Structure formats: C-alpha cells, structure tokens
Amino acid sequence: MHDIKFIKKNPSTFDLSLKKRNLKPCSEIIIKIHNKYLDYLNEKQNYLEKKNSLSKLFSQQTEDLDKIKEQVHNLKIKIDELNKLSEEKLNEFNKIMLEIPNLISEKVPDGNSQEDNNIIKEVGKKKKYNFQPKNHLDLAENLNLLDYGQAIKISGSRFSIIKSDLAKLHRGLVNFLLDHNSIKFDYKECIVPELVNYKSLEGTGQLPKFEDDLFKTNFNDLYLIPTSEVPLTNLNRDSIINKKDLPIKYTTYTNCFRAEAGASGKDTKGLMREHQFGKVELVIISEPNESENELSKMTTCVEKILQDLSLPYRMVELCSGDIGFSSSYTVDFEIWMPGQNTFREVSSCSNCKDFQSRRMKMRVKNFDSGEIYFPHTLNGSSLAVGRLLIAILENYQNEDGTIEIPSVLHKYTNGLNIISNDDQKI
RNA sequence: GGAGAGAUGGCAGAGUGGUCGAAUGCACCGGUCUUGAAAACCGGCAAGGAUGCAAGUCCUUCCAGGGUUCGAAUCCCUGUCUCUCCGCCA
C-alpha cells in the first residue's frame, strides 16, 4: 500500500515507476478520489462536532431539550449522507490502491521479461561429464524414487510421490537449511500455520489481485499459503514493534501451495512446478535505512548454502517487467541444471520496503522519541527444497545413474552418501 | 459435536447510559536521591485521521458489523475469535 501523501507530493515519480512495470499512470485519478473523500470527511466531521456539542447540553441544562433533539436529528441525516459518500469514496480509493504494485527501486534494470534480467555474477564451476547428463525426472524414476502414477491417482497432475532415499535426502536438506539459517545466521526458527485468513494474504500482497493463484478452503474461508512469507511476515501485523527489537529475523519450513493457474504447459512433469512443494523461508523486519544492508546479509546466507553444497549458481537482478507485485528490488538465485542444460530459479530474495508493513499496519516505535514509523520487510527462499533436490540429482549424477550426496549433508542423511536403485518395487 | 464464560491501552485489569480515551498496577521514558546501581519519591506515557507554519483545535477507535438513545466501552441483535467443562481425536 502506498502513502497517499507521497503520491500527492511526487505524482510523476509514482507514475514513472508504474510505467516501468508497463502499467498506466494513475496518480491523477487517485489524488482526485482521495481529495473528494477528504471533502466529504471534513464536512462530516464539522457536523459531528456540532452534534457532539449539542448532546453535551443535556447534562448542563434542562430547557429546550426537545428543540435540541430536533436539531440533532437533522444533523444526523446530514451526517449519515456524508458518511455514506465518504465511505464510498474511501472504498473506491482502497480498491484501487490495493491493486497497485510496489514502487520499484532505482537499481532495478529496465526490461519487459525474464530475458532482460541482469546477471550479477556466476559462481562455481559447471562439472564436465563424459556422458550425457540426464534430467532429474529420468534419474529419479530410473532409481524408483519418484512415482507419478500414484500421485495422479491420489491427487492429479502437478503432484508427486517422493520415496526412499530421495525422501530421506529431502528431509535431510530441510534440517540442514533450518540449522544453517537459525544457527549460523541467527534467524528465529518457527513453525507456522499453512492455512491463513484473507487479511494475512492482503497484508503481504497476494490478495486481492492474485486470488486465482491460491487454494481456498471451505473452513473459515482460510487459504493454503503460497509461501510461508505470508504467515511469517504477518506475525507482526497490526502491531507496534519496539525499535530496540529490530531487526527481527524468522525462518521456517512449510509446504507451499500454488494453483499455477497461468502456467499450463510449463514444466508439467517433475518436481519443478508443483501444486505443493516444500520451502524454507527467511523473513526480516528491518529499520528502513538498514533494509538494503539486510538484503545483502540475506543473500549472503542463501549463497553460503549453495557454496556449501558446491552447486554452480548465478545471482540475477530482476528487471522491472519481471519483479513481483510487493517487491521494490529482487535478487534471484539460479542453479545450473546440467540435465536441462540451463539455470533454474531456486531462490528469490526481495526487499518490499514499507509496502507490506503499510498494508498490514506493522509499525515500529522509538520509545525514546515517541516516533512511530513503518519498518521495511524482506523475504527470501532458502531454499525451494524440491528444486534443490533437482539440482542435487542433476549435478551429482554418476554415469551409472546413481547420485552422490554432497558431503555437508552426510550428517543429515545418517551417513548415507550415495543414492542407488531402490529394489523394492512398491 | 453438547454446555457455559469472555473479548477494554505494550501487558494485567477496573469500569453497566453523560464529567470515559478510559481507574489502578506492571512495563517503559524523564527527574530527585546515590560514588554507581537498586529501592523510594515526583512527573510523563494509546493509536489513526483532518486541519494548521507551529502551538493547538477537531473527528474516530474499548473484537467486527448493525440497532436503540439527544448521548453507548456500558443496553439489544448478528458475526468472528478465545477460554473452561464434557465427548471425540493426532
């Protein structure tokens, strides 16, 4: 949510940012609606003041009370009218405002699509194979570790059943990632609900605009989370944080659920794009002037994982056409996938500035000065576990189809260091 | 699923029609005292909005939404959530 006062002061800056996202300028109409709202509001407040002062006369005098009653009655009619009008305008205003994406940072490169993203750096050497590397799907199915027939029977497409040593690797990865984040990088580990209410999704920006991407349940109208950014960031919704408690850093592992409404035909099989996937998430609530710094600490945390796992990756700055709704600046991490001969996204780290904190009324108070302001919120994946699994399968494959397990994970896989065929056919 | 109770400031907790944005305690901030600290004492301390250069003035908010009334934290209705007991259950 944007600050209307900012828009009124800087309409052209605001419109320019929208233009970079290929959106139409709208400052003029927003300002117009808001001013109209203020007109109604001020008029209403004047009448309210009159009404209040008339009511107070009752405890002071006893004469002409009927006359006052009548005056109040007349005022109430006007107030009701103006109340309706101002509410209408405010609703109109909010409806527009909630669908406007965040302003993008000056650092964000111009561009229309993924193609225009800026590669910041490429790290790690791509392994050379003296055979044709397979993709994760062939590898895992050959090893009997992934079953799509069963997944389709139980739930349909875009689900999978992970089995045996691959399931153990998945579990080990989750523990490795959570330990990394909480012990080495001081994020507070949490377990959070995977069903959330409307307000929470509005707070982080998924609603009202992206309803189609979400799964809604018939229990209290709760939604399945598309990312644990939603519950983690909303932990401090509608509240005032003591400045001394910043920065607040959370990490969690959850399943994430996405309808993938606009992705038909893309990555239809395999762990790449599923309706349900596991993800470890990082969220930071930071002082406004510290958020850039915090983002770089966050990306360092993610990078360290990729380095520990010796996976070749690149760091990509998203362009104005590709950046998410709530973000002002986003850095993606992509791992080299030899079986697909391309880099694929495994993490996205965003600085949302005060966009989400304004939406969810998360504020910070400096108790020394009394000052109250909106903090910046950041979120990042560390990492999407399914995709990380793909990366390990493809990067650590041997010619015979077996998979080495990276050495940092051995203590998380109870010493298991190679995945070979699971003989059990069930 | 059945029965009952409740939702008030950062927290605890008074308040049952006007003088209530709301007692009191704790926490927090400032001060006195002290070599320093603690204790004690004194003072301050909700949020959002409008307007104004500012000081200030005004409006709104006691879970949410309706209603009664000149006037609602307080009375009535609806909804949501929480708690307790019983049943069921990982």
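This is a predicted model, so every value here is computed, not measured. Per chain, numbering begins at 1; letters A, B, ... match sequence-line order.
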ask   = Dot-bracket, RNA chain B: Watson-Crick or G-U, under 3.5 angstrom, [ ] crossing, | other strand?
value = ((((((((.[[[..)..(.....]]].(((((.......))))).((((((....)))))).[[[[[..)....]]]]])))))))....
query = From B:G18, B:G48, B:A50, pick the nucleotide closest to the side chain of A:Ser55?
reply = B:G18
inquiry  = Just to be sure I understand the geometry, which residues of residues 195-202 of chain A put a non-hydrogen atom under 4.0 Å away from RNA chain B?
reply    =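 Within this stretch, nothing sits under 4.0 Å of the strand.
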key: Positions of residues 70-84 of chain A (non-hydrogen atom under 4.0 Å from RNA chain B), listed by number   =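 RNA chain B contact set from residues 70-84 of chain A: A:Val72, A:Lys76.
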In whole Å, measure the gap between the [atom1] atoms of [N] and [M] for me.
N: B:U78; M: B:A23; atom1: C1'; result: 32 Å
N: B:G13; M: B:U69; atom1: C1'; result: 29 Å
N: B:U74; M: B:G18; atom1: P; result: 12 Å
N: B:G79; M: B:G2; atom1: P; result: 14 Å
N: B:C53; M: B:C70; atom1: C1'; result: 39 Å
N: B:A12; M: B:U68; atom1: P; result: 35 Å
N: B:U24; M: B:C45; atom1: C1'; result: 15 Å
N: B:G67; M: B:A72; atom1: P; result: 12 Å

With a 4.0 Å cut-off on N to O distance, would you call [X] and [Y] a salt bridge?
X: A:Asp3; Y: A:Arg358; value: yes
X: A:Arg344; Y: A:Asp267; value: yes
X: A:Lys107; Y: A:Glu292; value: yes
X: A:Glu81; Y: A:Lys84; value: no
X: A:Asp308; Y: A:Lys304; value: yes

query = How long is the gap from CG on A:Leu18 to CG on A:Leu103, to the nearest 0.5 Å?
reply =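 Reported value, rounded in 0.5 Å steps: 7.0 Å.
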Atom pairs and distances, side-chain donor-acceptor, residues 408-417 of chain A, under 3.5 Å, sequence neighbours left out:
| residue | atom | partner | partner atom | Å |
| --- | --- | --- | --- | --- |
| A:His410 | NE2 | A:Ile405 | O | 2.7 |
| A:Tyr412 | OH | A:Asp179 | OD2 | 2.7 |
| A:Thr413 | OG1 | A:Leu409 | O | 3.3 |
| A:Thr413 | OG1 | A:His410 | O | 3.3 |
| A:Thr413 | OG1 | A:Leu416 | O | 2.8 |

Separation of [N] [atom2] from [X] [atom1] (nearest whole Å):
X: A:Asn94; N: B:G48; atom1: CG; atom2: P; value: 17 Å
X: A:Lys244; N: B:G10; atom1: NZ; atom2: P; value: 17 Å
X: A:Asn242; N: B:A27; atom1: CG; atom2: C1'; value: 11 Å
X: A:Asn366; N: B:C45; atom1: CG; atom2: C1'; value: 14 Å
X: A:Lys56; N: B:C58; atom1: NZ; atom2: C1'; value: 10 Å

task = Would you indicate, yes or no, if B:U69 has its OP1 or OP2 atom less than 4.0 angstrom from a side-chain nitrogen or oxygen of A:Lys51?
result =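 Checking B:U69 against A:Lys51, no side-chain N or O comes under 4.0 Å of OP1 or OP2.
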Distances for protein N/O vs nucleotides 81-83 of chain B N/O pairs under 3.5 angstrom?
| residue | atom | partner | partner atom | Å |
| --- | --- | --- | --- | --- |
| B:C81 | OP1 | A:Asn220 | OD1 | 3.1 |
| B:C81 | OP1 | A:Asn220 | ND2 | 2.5 |

message = On RNA chain B, does the nearest nucleotide to A:Ile240 precede the nearest nucleotide to A:Glu49 from the 5' side, or the other way round? Give the residue.
response = A:Ile240
inquiry  = Heavy-atom nearest nucleotide on RNA chain B for A:Lys365 versus A:Asn52: which residue maps closer to 5'?
reply    =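 The residue mapped nearer the 5' terminus is A:Lys365.
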Could you list the donor-acceptor pairs under 3.5 angstrom formed by side chains in residues 37-47 of chain A, with sequence neighbours left out?
| residue | atom | partner | partner atom | Å |
| --- | --- | --- | --- | --- |
| A:Asn42 | ND2 | A:Leu38 | O | 3.2 |
| A:Lys44 | NZ | A:Asn83 | OD1 | 2.9 |
| A:Asn46 | ND2 | A:Asn42 | O | 3.4 |

request  = Could you tell me whether A:Lys209 atom NZ has more than 12 heavy atoms of other residues or ligands within 6.0 Å of it?
outcome  = yes
inquiry  = Using a 6.0 Å cut-off, check whether atom CD of A:Glu70 has over 12 heavy atoms from anything other than its own residue.
reply    =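 No.
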inquiry  = Is it true that A:Ser350 and A:Asn379 share a donor-acceptor pair across their side chains at a distance under 3.5 Å?
reply    = no
